[in-house]
Amino acid sequence: MRMSKSFVPTLKEVPADATVASHQLLVRAGYIRQLSAGIYSILPLGQRAILKITGIVREEMDAIGAQEFYLPALNPREIWEESGRWSVMGENMFRLKDRKGADLCLAMTHEEIFTVLARAELRSYRQLPQTWYQIQTKFRDEPRPKSGLLRVRQFTMKDSYSFDMNREGLDQAFEAHRQAYVKIFGRCGLKTVQVDAHSGAMGGSGSTEFMVATDAGEDLIASCEACGYAANTEKAESRVETPDKYKAAGASPALDEFATPGVTTIEALSKAPHGVAADQQLKTLVYLGDEQPLIAIVRGDDQLNEAKLQTASGASVLRQAHAEEIQKWLGAKPGSLGGVGLGEKANLRVFVDSRLAGLSGLVTGANKDGFHLRNVSVPRDLAHAKSVDLRTVNAGEGCPRCGKPLVVGKALEVGHIFKLGTRYSESMGARVLDEGGKEVPIVMGSYGIGVERILAGAVELHHDQDGIRFPMSIAPFHLALLPLQMQDAAVRDAAEKIYLDLTAAGVEVLLDDRDERAGVKFKDADLIGLPLRIAVGKKGLADGKIEWKVRGGKDVEFVPLAEVVARVQAAVRAGGGTLRK
RNA sequence: CGGGGCGUAGCGCAGCCUGGUAGCGCGCCUGCCUUGGGCGCAGGAGGUCGGAGGUUCGAAUCCUCUCGCCCCGACCA
């Protein structure tokens, strides 16, 4: 491609609203432009990179026997009602009406639509297993789009779905996807870690996320360098010492209500005149799980993990209660809440973090504004509460497997694989006959990759002060060819010949034939980030040579014109790129 | 949703507090010059000051409402 005829709008200055590297660089280098919050236009360079990525995804999916589909993004309400997700998805789903007033939505994912196909067409165990996929646009009305392509409202997803007779089949499909994903991300130049994850609105029995460690990411993952344990902090567990340090000597003293006027936070209660240490306090939080009240109790210095509460309660939609709701159920405002005495209220489900099991001598709110209770014994006073893991792990706590300290770091989710089981086949009636002629629900899996996130993640991982440093495999072109003196006919002609020769040899070349100064071309080439660069200048040409430089490398090497084509072809292959036929 | 910030030329910003001519840098156009890391000089084009209403003789500036965007906390490829 010739730069003089191309739309590659590079910018000298960093866009004001971009904070993360991938956002800044993709805008500056002319790959993307923002249309609205979380909605981006992909420009020609960006589209070429995206096509490289989807090409890799397609190859690896095809390699595990998956078949490519293309399903509608515009969906009728009815099928989402069948799975129950018309309401579960809440405000995250874009909804609209057609001219007749019928409800439609823009699909966030395609479990429902693929299940509709499966139930209509799959009748027998003989037709299984199947793996179906598509590369298609998804719509999610994120509450807070951010960081350029990292979190958007419209994006491209590779989503696939496996259909099996039983658990074993699902396990095989899951494993095939895991291995395909490792190859995909590896080929795209991403270093990923696999972590245990929360399944969220997808449902199902288990899931693994593929994460790229980067500060630009929004997830926190806990990992153990000693044994390899890794989990999203939504799910991660840890070993913590929880001695019964506030237990009274002798018989457990009775509950004692005491006045704490104006004290509504853990921190305030820990200060004078009360001086109750945070680890002696119980933090009581009120949620609604599928519109039913839930009480969650964790230690005062711990953080409640909402994902764990959701899992423990079995709720598909979880939200914090409003102050009025809390007042109605517990009779007090936040700050004076507690789980003691809630056993009689049958409509309130109470959960207490498992680290608190057996402890006594604790302090909690009295469900009476301005009062707390001391001498709380969990086995005696919170016997009605279900003991479950509710807390969020912290860095330095013991690995649940080996006990060595956990490390917590930020990461970007680029892929997620789920064992759905029969979550959709049962709710939507997708069944086949087994060998015995008995009707059984299909066992399903669901597997997703965020395509633009691969692009952005690669930029996060591969850039420097001067710009992007794309891996060969996903770079929009293999090589930048820079004639340095456009006024010099010999330089122009030499560059033109190299361009034609390389193109004929299957190399994707971006020829900077603009009438610009050398400095401008160097700067733009660095910014755009193609892995190879050939400069054609008067100096080298006098000796019949060009200047060869690898993006990010230090050295410039003079290479004879006759060797250029073979040299470039070898470098493209070595870098994981593909020559055009 | 809770909290904070910003909307002025294609991009980055000043002007606003204290009302009166809309400005700077980059980019763009023309000419000359220069030509190996975002050259130089000269001339030029380009603006509903996010929108609506109000106060005022007069509003980018003050007031009210509203829309949009960004960032920090709760949600997900």
Side-chain angles (χ1 to χ4, degrees), chain A residues 9-20 23 27-28 33-39 57 89-93 108-110 135-160 181 197-202 207 209-212 217-219 232 234 285 287 303-307 310 317-320 322 412-418 446-457 466-467 482-488 491 515-527 533 535-541 547 549 556:
Chain A
T10 58
L11 301 174
K12 278 188 183 179
E13 288 175 290
V14 177
D17 51 8
T19 52
V20 303
H23 187 193
V27 172
R28 277 192 62 207
R33 286 292 185 268
Q34 181 178 39
L35 178 63
S36 181
I39 305 177
V57 169
M89 291 310 193
E91 300 205 299
N92 269 15
M93 188 149 73
M108 307 172 64
T109 172
H110 279 77
I135 295 171
Q136 189 247 18
T137 305
K138 299 287 186 265
F139 298 88
R140 298 186 181 180
D141 195 0
E142 292 288 340
R144 186 150 108 75
K146 58 177 288 201
S147 305
L149 294 183
L150 294 184
R151 182 185 195 75
V152 292
R153 298 194 292 170
Q154 170 177 343
F155 62 99
T156 309
M157 184 195 278
K158 186 289 296 176
D159 48 322
S160 47
Y181 278 30
H198 176 64
S199 293
M202 242 22 114
S207 71
E209 289 169 334
F210 288 76
M211 306 295 252
V212 174
E218 300 180 86
D219 283 86
N232 195 305
E234 288 181 345
L285 299 146
Y287 282 79
Q303 284 293 117
L304 172 73
N305 187 322
E306 291 188 3
Q310 184 178 7
V317 180
L318 189 72
R319 69 164 172 88
Q320 285 193 299
H322 303 133
L412 170 70
E413 180 185 357
V414 290
H416 199 161
I417 55 181
F418 298 86
S446 151
Y447 317 87
I449 286 179
V451 172
E452 290 89 344
R453 275 194 183 170
I454 292 182
L455 176 63
D466 297 319
L482 313 184
L484 298 182
Q485 298 93 11
M486 287 302 285
Q487 70 286 359
D488 185 316
V491 169
D515 188 15
E516 291 285 354
R517 298 167 64 90
V520 172
K521 297 187 180 186
F522 286 134
K523 287 288 185 187
D524 271 345
D526 287 346
L527 183 59
R533 185 184 89 190
V536 181
K538 282 192 282 197
K539 289 182 200 165
L541 223 45
E547 295 156 49
K549 186 169 182 297
V556 172

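What you see below is based on every heavy atom in this structure, not just the backbone, and it leaves out hydrogens, waters and symmetry mates. From a predicted model like this one, the values you see are computed outputs, not experimental measurements. So that the names make sense, note that chain A is the first sequence line, chain B the second, and so on, each numbered from 1.
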Practice item. Give A/Leu484 one of three labels, base, sugar-phosphate or nothing, depending on what nucleic acid heavy atoms sit under 4.0 Å from its own. Key: base
Practice item. Please check the phosphate of B/rC39 (OP1 and OP2 only) for any side-chain N or O of A/Arg517 closer than 4.0 Å. Key: yes
Exercise for review: Using a cut-off of strictly less than 4.0 Å between a heavy atom of the residue and any atom of RNA chain B, enumerate the qualifying residues of residues 152-160 of chain A by number.
Suggested key: A/Val152, A/Phe155, A/Met157
Practice item. Using both distances under 3.5 Å as the test, list the Watson-Crick or G-U wobble partner of B/rG43, or none. Key: B/rC29
Practice item. Answer with base, sugar-phosphate or nothing: what part of the nucleic acid does A/Ser147 contact at a heavy-atom distance below 4.0 Å? Key: sugar-phosphate
Exercise for review: Output the single nucleotide from B/rC76, B/rG37, B/rA77 whose closest atom is nearest the side chain of A/Phe522.
Suggested key: B/rG37
Check your understanding: On a whole-Å scale, what distance lies between the C1' atoms belonging to B/rC49 and B/rG68?
Key -> 15 Å
**Study point:** Interatomic distance at C1', B/rU30 relative to B/rG23, whole Å
**Key:** 24 Å
Review point. Judged by modelled atom types alone, do A/Thr156 and A/Glu452 share a side-chain donor-acceptor pair under 3.5 Å?
Key: yes
Review point. Taking atom CZ of A/Arg33 and atom CG of A/Leu11, what is their separation to the nearest 0.5 Å?
Key: 4.5 Å
Review point. Is there a donor and acceptor pair, one atom on the side chain of A/Glu516 and one on the base of B/rG38, closer than 3.5 Å?
Key: no
Check your understanding: Is the number of heavy atoms from other residues, nucleotides or ligands under 6.0 Å of A/Glu218 CD greater than 12?
Key -> yes
Point to revise | Distance, C1' atom - from B/rC67 to B/rA52, rounded to whole angstrom | key: 10 Å
Check your understanding: Rounded to the Å, how far apart are A/Ile39 CD1 and B/rA77 C1'?
Key -> 17 Å
**Study point:** Where A/Gly537 and A/Glu547 come nearest, the two heavy atoms and their spacing
**Key:** N-OE2, 4.4 Å
Point to revise | N/O (side chain, A/Lys12) to phosphate O (OP1/OP2, B/rG27) under 4.0 Å | key: yes
Check your understanding: Just how far, in rounded Å, is P of B/rC11 from CG of A/Leu527?
Key -> 18 Å
Exercise for review: Give a yes or no on whether a donor-acceptor pair under 3.5 Å exists between the nucleobase atoms of B/rG25, that is its base, and the side chain of A/Glu13.
Suggested key: yes
Review point. If you check every side-chain atom of A/Arg151, which of B/rG38, B/rC71, B/rC75 has the closest atom?
Key: B/rC75
Check your understanding: Is there a side-chain polar atom (N or O) of A/Gln34 under 4.0 Å from OP1 or OP2 of B/rC70?
Key -> yes
**Study point:** Check: B/rC75 base within 3.5 Å donor-acceptor of A/Arg319 side chain
**Key:** no
Review point. Nearest-Å distance, NE2 (A/His198) to P (B/rC75)?
Key: 9 Å
Study note, to complete from the structure: Of the candidates B/rA77, B/rG37, B/rC13, the side chain of A/Ala16 sits closest to B/rC13
Check your understanding: Whole-Å distance between B/rC75 P and A/Glu209 CD?
Key -> 13 Å
Exercise for review: Return the value, rounded to whole Å, for the distance between atom CG of A/Leu285 and atom P of B/rG73.
Suggested key: 19 Å
Check your understanding: Can a side chain N or O of A/Lys521 be found less than 4.0 Å away from OP1 or OP2 on B/rU35?
Key -> no
Review point. Quick one: does A/Val212's side chain get under 4.5 Å of A/Glu413's, heavy atoms only?
Key: no
Exercise for review: Mind checking A/Val520 for me? I need base, sugar-phosphate or nothing, with any heavy atom below 4.0 Å counting as a touch.
Suggested key: base
Review point. Within the structure shown, what part of the strands sits under 4.0 Å from A/Asp488 by heavy-atom distance: base, sugar-phosphate, or nothing?
Key: nothing
Practice item. State whether a side-chain donor-acceptor pair under 3.5 Å links A/Lys146 with A/His23. Key: no
Point to revise | Presence of donor-acceptor pair under 3.5 Å, side chain of A/Arg144 and base of B/rG4 | key: no
Exercise for review: Take A/Leu35 and A/Glu218, find for each the nucleotide of RNA chain B with the closest heavy atom, and name the residue whose nucleotide sits nearer the 5' end.
Suggested key: A/Leu35
Practice item. With a 3.5 angstrom cut-off on both distances, give the Watson-Crick or G-U wobble partner of B/rC24, or none if there isn't one. Key: B/rG12
Practice item. Find the distance A/Phe210:CZ to B/rC76:C1' and express it as a whole number of Å. Key: 17 Å
Point to revise | B/rG2: pairing nucleotide in any strand, Watson-Crick or G-U under 3.5 angstrom | key: B/rC72
Exercise for review: Under 4.0 Å between any heavy atoms, over every strand shown, what does A/Glu306 touch: base, sugar-phosphate, or nothing? Just pick one.
Suggested key: sugar-phosphate
Review point. Are A/Met108 and A/Asn92 side-chain neighbours, meaning at least one heavy-atom pair lies under 4.5 Å?
Key: yes
Point to revise | Distance in angstrom units between A/Asn92 CG and B/rC1 P, rounded | key: 13 Å
Exercise for review: Kindly check if the number of other-residue, nucleotide or ligand heavy atoms within 6.0 Å of CD (A/Glu91) is above 12?
Suggested key: no
**Study point:** 5' priority, RNA chain B, between A/Lys539 and A/Gly415 [closest heavy atom]
**Key:** A/Lys539
Review point. Could one point to a donor on the side chain of A/Arg28 or the base of B/rG38 with an acceptor on the other under 3.5 Å away?
Key: yes
Review point. Between the main-chain N or O of A/Leu527 and the side-chain N or O of A/Arg28, is there a donor-acceptor pair closer than 3.5 Å?
Key: no
**Study point:** Residue-phosphate contact under 4.0 Å: A/Ser36 side-chain N/O, B/rC69 OP1/OP2
**Key:** yes
Study note, to complete from the structure: By the Watson-Crick or G-U definition, both distances under 3.5 Å, B/rG7 is matched with B/rC67
**Study point:** Integer-rounded Å distance: B/rG10 P and A/Arg33 CZ
**Key:** 14 Å
**Study point:** side chain to side chain contact (heavy atoms under 4.5 Å, CB included) evaluation trace for A/Glu306 with A/Glu234
**Key:** CA-CA 8 Å; A/Glu306 291 188 3; A/Glu234 288 181 345; over 6 Å; no
